[in-house]
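Right, one structure below, let's go through it.
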Amino acid sequence: MTDFEDGDFAGAHSGASETYPMQCSSLRKNGHVMIKGHPCKIVEMNFSKTGKHGHAKVHFVGLDIFTGKKCDDICPSTHNMEVPNVKRVDYQLVGVSDDNYLSLMNESTKELRWDLKVPDDEVGAKLLSDFNAGKDILCTVLKACKQEVVIAIKIDTAKGN
């Protein structure tokens with residue numbers, strides 16, 4: 001009897017992958033790529049010509065989309081590299097808890113979430129100061145490779161503040 005014949009589907013998942021393969025020569029500047037296990041935005045690409053014994057190579061320089069750390073890698077242009085599935089979602093800021101967790105509401109589904117912390121950078125400082133000033137704030141959350149972080153905020157002008 002298999003796991004699914006007895007009706008136990010607790011281990012099932014959507015099957016969606018965190019990354020997908022793409023040929024190195026098809027990647028472009030300002031796109032995304034996995035470099036040494038980190039989802040990165042490509043800021044520089046250099047192509048080298050085919051050598052005596054091998055393939056043309058592509059040298060990638062990227063910035064980690066969550067930490068801003070610089071990463072680089074070299075790959076033959078005919079080989080595949082993993083590209084992260086990156087998703088951006090805007091949330092309405094509802095509140096901030098005493099332990100610095102954000103209460104966020106999805107604008108389209110109206111679902112609430114409380115699992116993201118205030119970022120430890122200038123975005124987080126601006127978020128807290130604007131929230132304490134009573135402004136309506138939209139938070140842009142970037143999601144990739146099972147990580148999520150608030151990367152930007154903007155004042156919600158539709159609400160009249």
Side-chain angles (χ1 to χ4, degrees), residues 11-94 96-97 99-109 111-131 135 137-157:
H13 56 83
S14 68
S17 177
E18 298 293 330
T19 63
Y20 59 94
M22 184 179 275
Q23 191 170 4
C24 288
S25 59
S26 300
L27 296 168
R28 297 289 175 252
K29 189 175 177 180
N30 294 325
H32 294 97
V33 68
M34 295 294 289
I35 298 177
K36 297 176 182 162
H38 300 277
C40 296
K41 182 175 184 175
I42 301 169
V43 293
E44 188 179 324
M45 288 178 68
N46 295 314
F47 292 88
S48 64
K49 295 185 180 181
T50 304
K52 181 177 174 184
H53 299 289
H55 302 279
K57 302 263 195 289
V58 182
H59 177 239
F60 294 99
V61 178
L63 296 177
D64 186 305
I65 60 177
F66 296 116
T67 65
K69 182 181 164 203
K70 194 177 200 179
C71 301
D72 69 330
D73 200 2
I74 296 175
C75 181
S77 63
T78 56
H79 290 194
N80 286 343
M81 285 190 78
E82 292 296 312
V83 176
N85 286 313
V86 178
K87 186 176 178 183
R88 297 170 74 107
V89 180
D90 284 337
Y91 291 93
Q92 175 71 41
L93 179 62
V94 177
V96 180
S97 70
D99 53 353
N100 274 351
Y101 278 91
L102 302 171
S103 295
L104 300 169
M105 181 177 66
N106 187 314
E107 288 281 291
S108 56
T109 64
E111 291 179 13
L112 290 174
R113 60 182 298 181
W114 303 273
D115 58 339
L116 292 178
K117 280 198 140 203
V118 174
D120 293 329
D121 57 12
E122 61 276 355
V123 173
K126 176 97 171 101
L127 183 148
L128 289 173
S129 68
D130 286 350
F131 180 73
K135 297 180 180 176
I137 301 170
L138 289 176
C139 298
T140 301
V141 175
L142 193 67
K143 178 181 181 176
C145 301
K146 299 181 182 173
Q147 288 183 291
E148 291 182 276
V149 70
V150 175
I151 59 159
I153 63 165
K154 57 189 171 192
I155 303 303
D156 190 359
T157 56

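Predicted model only: the values in this text are computed from it and were never measured. Every heavy atom of this structure was used, including side-chain atoms; hydrogens, water molecules and symmetry mates were not.
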With no hydrogens and no angle check, is any side-chain donor or acceptor of E148 less than 3.5 Å from a backbone partner on L116?
no
Where do K143 and F66 come nearest, in terms of heavy atoms and distance?
C-CZ, 4.5 Å
Nearest 0.5 Å please: distance from the CD1 atom of I137 over to the NZ atom of K135.
8.0 Å
Could you walk me through whether M22 and L27 satisfy the side-chain contact (heavy atoms from CB on, under 4.5 Å) test, starting with their C-alpha distance in whole Å, then the side-chain angles of each, then the deciding distance to 0.1 Å, before giving a yes or no?
CA-CA 7 Å; M22 184 179 275; L27 296 168; 3.4 Å; yes
Gap between atom OH of Y91 and atom OG1 of T109 - 0.5 Å precision
7.5 Å
Minimum side-chain heavy-atom gap N85-T19 below 4.5 Å
no
Any idea which heavy atoms bring S77 and Q23 closest together, and the distance?
O-CG, 3.4 Å
Contact summary for C75 and F60, nearest pair of heavy atoms
CB-CE1, 4.4 Å
Is the closest side-chain heavy-atom distance between H32 and I42 below 4.5 Å?
no
Which atom pair, heavy atoms only, marks the closest approach of H55 to P76?
CB-CB, 3.9 Å
Take atom NZ of K57 as the centre, draw a 6.0 Å sphere, and report whether it contains more than 12 heavy atoms from other residues, nucleotides or ligands.
yes
OH of Y20 to CE of M81: how many Å apart, nearest 0.5 Å?
12.5 Å
Residue pair L63 / K70, side-chain heavy-atom distance below 4.5 Å:
yes
side-chain contact (heavy atoms from CB on, under 4.5 Å) assessment of L102 paired with L127
CA-CA 10 Å; L102 302 171; L127 183 148; 3.8 Å; yes
Would you mind reporting whether I35 and D72 have side-chain heavy atoms less than 4.5 Å apart?
no
Neighbour count above 12 (heavy atom, 6.0 Å) for N46 CG:
yes
Any side-chain heavy-atom pair from P39 and M34 closer than 4.5 angstrom?
yes
Does Y101 have more than 12 heavy atoms from other residues, nucleotides or ligands lying within 6.0 Å of its OH?
no
Full working for side-chain contact (heavy atoms from CB on, under 4.5 Å) between Q92 and L138
CA-CA 5 Å; Q92 175 71 41; L138 289 176; 3.5 Å; yes
Contact summary for L104 and C139, nearest pair of heavy atoms
CD2-SG, 4.0 Å
Greater than 12 external heavy atoms within 6.0 Å of K36's NZ:
yes
Apply side-chain contact (heavy atoms from CB on, under 4.5 Å) to residues I153 and V123 and explain how you reach the verdict.
CA-CA 7 Å; I153 63 165; V123 173; 4.2 Å; yes
Quick one: pull up CE in M105 and CD in E111 and give me the separation to the nearest 0.5 Å.
11.0 Å
If you measure from OG on S48 to CD1 on I74, what distance do you get to the nearest 0.5 Å?
7.5 Å
Do Q147 and I65 come close enough that some side-chain heavy atom pair is under 4.5 Å?
no
Shortest non-hydrogen contact from W114 toward S103
CD1-OG, 3.0 Å
Out of curiosity, K126 NZ to K154 NZ, how far, rounded to the nearest 0.5 Å?
14.0 Å
